[in-house]
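Report on the structure given below.
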Amino acid sequence: KAYLYDTGELHTLWSTSIKLLTALQAGEGALREFLKTFGKYEEKKPGIWAPVGATLPEGATFQAPVVIGENCTIGPRAVVGPFVVLGDGTQVAEEAQLSRCVALKESRIPAYQVSGNALYFEDRLIPMDKGLKG
């Protein structure tokens, strides 16, 4: 089984990420093996994936499915998930709440930010449910 998605536009990148998280949550074996073998990720808790050797921060809450990249920082009382991908080096500040969000590499989510159906690029929040086609 293979996946081929054109992710050349921001909305398709976001919607593809949500589709893959849905497949991961449904127990898609090929995707789980890909994360383990090629991505070098492991399931830290049911549905919560992070790099091998990484630890989940204490004081944050995770709701599956979530994929966390390398060198991410997640502040106290942050709520991450469901359906969240954090790119490498992403910083989630204290008490931020993310659901159905994709944060690209080295994004910064400010303290107390509540976001759903969004894509983060660096320090920009881009809503994905405001009239965009999917």
Side-chain angles (χ1 to χ4, degrees):
K1 192 170 189 178
Y3 296 96
L4 177 61
Y5 293 101
D6 176 4
T7 58
E9 295 179 10
L10 291 177
H11 190 268
T12 56
L13 174 63
W14 175 82
S15 63
T16 297
S17 298
I18 299 302
K19 287 176 189 175
L20 289 172
L21 285 169
T22 300
L24 186 62
Q25 185 179 38
E28 172 57 51
L31 187 53
R32 294 173 66 84
E33 282 307 308
F34 177 83
L35 283 172
K36 290 178 186 177
T37 305
F38 297 103
K40 298 187 181 358
Y41 282 76
E42 61 187 359
E43 198 169 14
K44 302 297 183 172
K45 293 181 178 180
I48 311 299
W49 292 80
V52 171
T55 58
L56 296 177
E58 302 242 349
T61 301
F62 299 92
Q63 299 173 4
V66 172
V67 176
I68 302 167
E70 293 183 349
N71 302 313
C72 291
T73 57
I74 300 170
R77 297 172 306 285
V79 178
V80 179
F83 298 95
V84 171
V85 175
L86 300 180
D88 293 347
T90 294
Q91 300 171 14
V92 180
E94 65 181 303
E95 297 191 35
Q97 297 179 30
L98 305 174
S99 66
R100 297 179 59 82
C101 289
V102 174
L104 300 181
K105 183 178 179 180
E106 298 182 7
S107 293
R108 295 172 300 280
I109 292 98
Y112 311 104
Q113 177 79 48
V114 177
S115 298
N117 297 322
L119 184 135
Y120 280 90
F121 174 69
E122 296 175 349
D123 61 352
R124 290 181 214 110
L125 167 66
I126 303 167
M128 290 290 119
D129 56 356
K130 302 289 186 206
L132 294 171
K133 295 178 184 174

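Just so you know, residue 1 is the first one in the sequence shown, and it goes up from there.
Residue Leu20 is not grouped with residue Val84 when hydrophobic side chains (ILVMFWY) are merged at heavy-atom distances under 4.5 angstrom, including chains of intermediate members. Hydrophobic cluster membership differs between Leu10 and Leu125, with clusters built from Ile, Leu, Val, Met, Phe, Trp and Tyr side chains linked at under 4.5 angstrom. Leu13 and Leu31 fall within the same hydrophobic cluster, defined by Ile, Leu, Val, Met, Phe, Trp and Tyr side-chain heavy atoms under 4.5 Å apart, directly or through other members.
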Show me the donor-acceptor pairs, under 3.5 Å and distance only, between side chains in residues 104-116 and residues at least two apart or in other chains.
unit_1 : atom_1 : unit_2 : atom_2 : d
Ser107 : OG     : Leu104 : N      : 3.3
Ser107 : OG     : Leu104 : O      : 2.6
Ser107 : OG     : Tyr120 : O      : 3.2
Ser107 : OG     : Glu122 : N      : 3.3
Arg108 : NH1    : Glu106 : O      : 3.4
Gln113 : NE2    : Ser115 : OG     : 3.3
Ser115 : OG     : Tyr120 : OH     : 2.4

Please tabulate, one pair per line, all N/O donor-acceptor pairs under 3.5 Å involving side-chain atoms of residues 62-71, not counting sequence neighbours.
none

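How far CG of Leu21 is from CD of Glu28: 13.0 Å, rounded to the nearest 0.5 Å. Between the OG1 atom in Thr61 and the CZ atom in Arg77 there is a gap of 10.5 Å [rounded to 0.5 Å]. Rounded to the nearest 0.5 Å, atoms CG (Leu119) and OG (Ser15) are 10.5 Å apart. Note that OG1 of Thr16 and CD of Glu9 are 10.5 Å apart. Values are rounded to the nearest 0.5 Å.
The shortest heavy-atom contact between Gly81 and Ser99 is O-CB, 4.0 Å. Across all their heavy atoms, Leu86 and Leu98 have their closest contact at CD2-CD1, 4.1 Å. Nearest heavy-atom pair, Ala78 versus Ala93, reported as atom, atom and distance to 0.1 Å: CB-O, 3.9 Å. Taking both residues in full, the closest heavy atoms of Cys72 and Gly87 are given as SG-O, 3.2 Å, listed atom of the first, atom of the second, then distance.
Applying the side chain to side chain donor-acceptor pair (under 3.5 Å) test to pairs two or more places apart or on separate chains, those with a residue in residues 35-50 are Arg32-Glu43, Glu42-Lys44.
For Trp14, the ring-ring contact (aromatic ring centres under 6.0 Å, His included) test picks out His11, with sequence neighbours left out. When the ring-ring contact (aromatic ring centres under 6.0 Å, His included) test is applied to Phe34, the partners found at least two apart in sequence or on another chain are Phe38. Applying the side-chain contact (heavy atoms from CB on, under 4.5 Å) rule to Thr22 yields the partners Ile18, Phe83; only residues at least two apart in sequence or on another chain are considered.
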